[in-house]
Amino acid sequence: MHFVQAKSLISSKNGMNLYRGCTHGCIYCDSRSKIYNMNHDFEDIEVKQNSLELLKKALKSKKEKCMIGTGSMTDPYVPLESKLEFVRNSLKLIYRYGFGFTCITKSDLILRDLDLLKKINEKAKTVVQITLTTADEDLCRKIEPNVCTTKRRVEVLKKLNEANIPTVVWLTPFLPYINDTEENINELLDYCIETNVKGIICFNIGLTLRDGNRQYFYRKLDESFPGLKSRYIEKYGSNYVLESENNRQLMDLFYKKTAENNILNKPDDVFRYLRDFPNKDKSRQSTLYFN
């Protein structure tokens with residue numbers, strides 16, 4: 001890791017990234033794309049050393065309470081967070097100033113902060129977003145090697161539900177010829193139903209690749225799925241969107257099963273839920289969102 005002094009922290013859509021880069025090793029990670037101009041090795045995590053000062057200043061100056069989000073570029077609960085505690089200290093500030101909080105993560109380290117997540121949810125609103133891609137534990141270890149597996153993430157969802165903290169699942173990505181099966185979708189949806197998730201974000205059954213993450217993904221395919229790269233190249237070429245051949249039938253299954261269980265299943269509806277700030281303290285609601 002390395003430290004930098006950041007000029008700002010909160011985006012115009014109320015998102016923040018305390019870290020840049022990740023060590024989870026997910027083979028499909030879009031954040032490796034060159035478009036994000038990360039001028040350091042992806043595993044050499046950039047730490048915004050002055051982030052807590054910037055966050056405090058931003059929260060104090062905001063005229064409207066809103067949801068503060070993190071995790072869209074870098075999982076906030078990378079292993080180094082266990083020592084640095086930048087996320088935990090950010091939660092203390094968010095609670096102190098009466099804001100809401102949401103994050104996207106694959107890590108069970110979030111349970112360390114359950115006490116603060118509960119306090120924020122009682123005072124304002126907390127929503128935890130967890131990514132699930134495969135119900136196959138062995139496959140999970142191949143495509144997401146350095147983070148807790150799906151079964152552990154489901155345990156996290158259960159513990160959050162028991163604490164009355166709402167959750168949203170990102171059901172993505174699905175890698176063609178690897179995890180784009182009816183069996184997998186059904187098992188993942190059963191996990192979501194079992195843990196009482198509020199909503200599921202699933203744009204379609206497939207993944208996206210662009211310069212930067214495409215090369216890394218194909219290198220990992222060669223290591224773990226020999227011969228599959230040539231099938232991808234033949235089928236998709238240099239396309240940005242790699243849609244599964246089973247997309248239509250699997251999305252039909254997704255919409256049917258979520259509707260039957262009263263789970264929000266349209267991205268716009270889920271995003272609206274994530275950005276809505278409750279009027280618990282009579283403050284005005286913000287209509288802003290975060291990256």
Side-chain angles (χ1 to χ4, degrees), residues 13-16 59 64-72 75-77 87-88 90-133 148 150-172 188-203 254-255 257-291:
K13 295 184 179 180
N14 297 322
M16 65 176 182
L59 296 180
E64 294 181 335
K65 295 293 190 292
C66 61
M67 298 293 290
I68 302 297
T70 188
S72 61
D75 193 318
Y77 285 99
V87 176
R88 182 165 180 83
S90 295
L91 291 173
K92 292 177 182 178
L93 289 172
I94 289 168
Y95 173 70
R96 175 181 174 183
Y97 290 102
F99 286 76
F101 176 75
T102 185
C103 70
I104 308 170
T105 185
K106 294 185 179 85
S107 175
D108 58 354
L109 180 56
I110 193 171
L111 292 179
R112 178 202 63 185
D113 296 334
L114 188 57
D115 57 335
L116 288 169
L117 297 172
K118 290 168 65 176
K119 287 183 177 181
I120 293 171
N121 195 47
E122 290 166 0
K123 188 176 183 180
K125 178 181 175 183
T126 299
V127 184
V128 175
Q129 305 170 61
I130 301 285
T131 300
L132 303 179
T133 61
C148 65
T150 299
K151 285 187 177 179
R152 177 57 176 162
R153 290 177 225 170
V154 173
E155 291 176 4
V156 172
L157 287 167
K158 288 179 180 178
K159 290 182 182 297
L160 292 167
N161 183 53
E162 291 168 359
N164 295 316
I165 295 174
T167 55
V168 163
V169 162
W170 286 73
L171 218 59
T172 184
L188 292 175
L189 289 173
D190 285 343
Y191 282 145
C192 293
I193 294 165
E194 176 187 351
T195 55
N196 194 34
V197 303
K198 179 71 176 181
I200 301 174
I201 294 172
C202 181
F203 298 103
F254 167 75
Y255 284 122
K257 201 161 184 174
T258 49
E260 290 174 348
N261 290 275
N262 297 313
I263 298 173
L264 295 175
N265 59 18
K266 296 179 180 178
D268 286 349
D269 291 341
V270 180
F271 291 142
R272 187 178 302 110
Y273 169 72
L274 289 170
R275 69 173 176 256
D276 284 345
F277 184 82
N279 198 21
K280 291 183 180 181
D281 61 355
K282 307 300 181 183
S283 61
R284 291 178 296 170
Q285 293 187 14
S286 172
T287 59
L288 297 178
Y289 187 52
F290 44 85
N291 287 323

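Model, not experiment: these values are computed from the prediction.
Pairing each heavy atom of Leu132 with each of Thr150, the nearest pair is CD2-CG2, 4.1 Å. Closest non-hydrogen pair, Tyr273 versus Pro166, comes out as OH-CB, 3.1 Å. The two atoms that bring Asn265 and Ala259 nearest to each other are ND2-N, 4.0 Å, heavy atoms only. When every heavy atom of Met67 is checked against every heavy atom of Phe101, the shortest pair comes out as CE-O, 3.5 Å. Nearest heavy-atom pair across Cys66 and Asn14 is SG-ND2, 3.3 Å. The minimum heavy-atom distance linking Pro76 with Val87 is given by the pair O-CG2, 3.4 Å.
If you run side chain to side chain contact (heavy atoms under 4.5 Å, CB included) between Val156 and each of Ile130, Val128, Leu114, Thr105, only Ile130 comes through.
When side chains are defined from C-beta on, Leu171 counts as touching Leu189, because their heavy atoms get closer than 4.5 Å. Taking 4.5 Å as the limit, some side-chain heavy atom of Phe254 sits within range of a side-chain heavy atom of Ile200. Taking the side chain as every heavy atom from C-beta outward, Leu117 and Ile110 approach each other to under 4.5 Å.
We find the NZ-OH distance between Lys65 and Tyr97 to be 10.0 Å, quoted to the nearest 0.5 Å. Interatomic distance, CZ of Phe203 versus OG1 of Thr172, reported as 7.5 Å (0.5 Å rounding). For the atom pair Leu274 CG and Lys198 NZ, the distance stands at 11.0 Å (nearest 0.5 Å). With rounding to the nearest 0.5 Å, the separation of CG in Leu264 from CZ in Arg272 is 9.5 Å. Atom CD1 in Ile68 sits 11.0 Å away from atom CG in Leu93 (nearest 0.5 Å). Residue Met16 holds its CE atom at 8.0 Å from CG of Leu59, rounded to the nearest 0.5 Å.
A salt bridge does not link Glu162 with Lys159: every distance from a Lys NZ or Arg NE/NH1/NH2 to an Asp or Glu carboxylate oxygen is 4.0 Å or more. The pair Asp115-Lys92 fails the salt-bridge criterion, with no side-chain N (NZ, NE, NH1 or NH2) lying under 4.0 Å from an Asp/Glu carboxylate O.
Remark: side-chain polar atoms of Thr70 are not paired, donor with acceptor, to backbone N or O of Cys103 under 3.5 angstrom.
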(request) Show your working on side chain to side chain contact (heavy atoms under 4.5 Å, CB included) between Leu157 and Arg153 and close with a plain yes or no. (result) CA-CA 6 Å; Leu157 287 167; Arg153 290 177 225 170; 5.7 Å; no

(request) Could you walk me through whether Asp276 and Lys125 pass side chain to side chain contact (heavy atoms under 4.5 Å, CB included), step by step? (result) CA-CA 9 Å; Asp276 284 345; Lys125 178 181 175 183; 4.1 Å; yes

(request) Might you work through the side chain to side chain contact (heavy atoms under 4.5 Å, CB included) test for Thr126 and Thr102, ending with a clear yes or no? (result) CA-CA 6 Å; Thr126 299; Thr102 185; over 6 Å; no

(request) Quick one: do Phe271 and Ile201 satisfy side chain to side chain contact (heavy atoms under 4.5 Å, CB included)? Show the steps, please. (result) CA-CA 9 Å; Phe271 291 142; Ile201 294 172; 3.4 Å; yes

(request) Assess whether salt bridge (charged side-chain N to carboxylate O under 4.0 Å, His left out) is satisfied between Arg152 and Glu155, documenting all intermediate values. (result) CA-CA 5 Å; Arg152 177 57 176 162; Glu155 291 176 4; 2.8 Å; yes

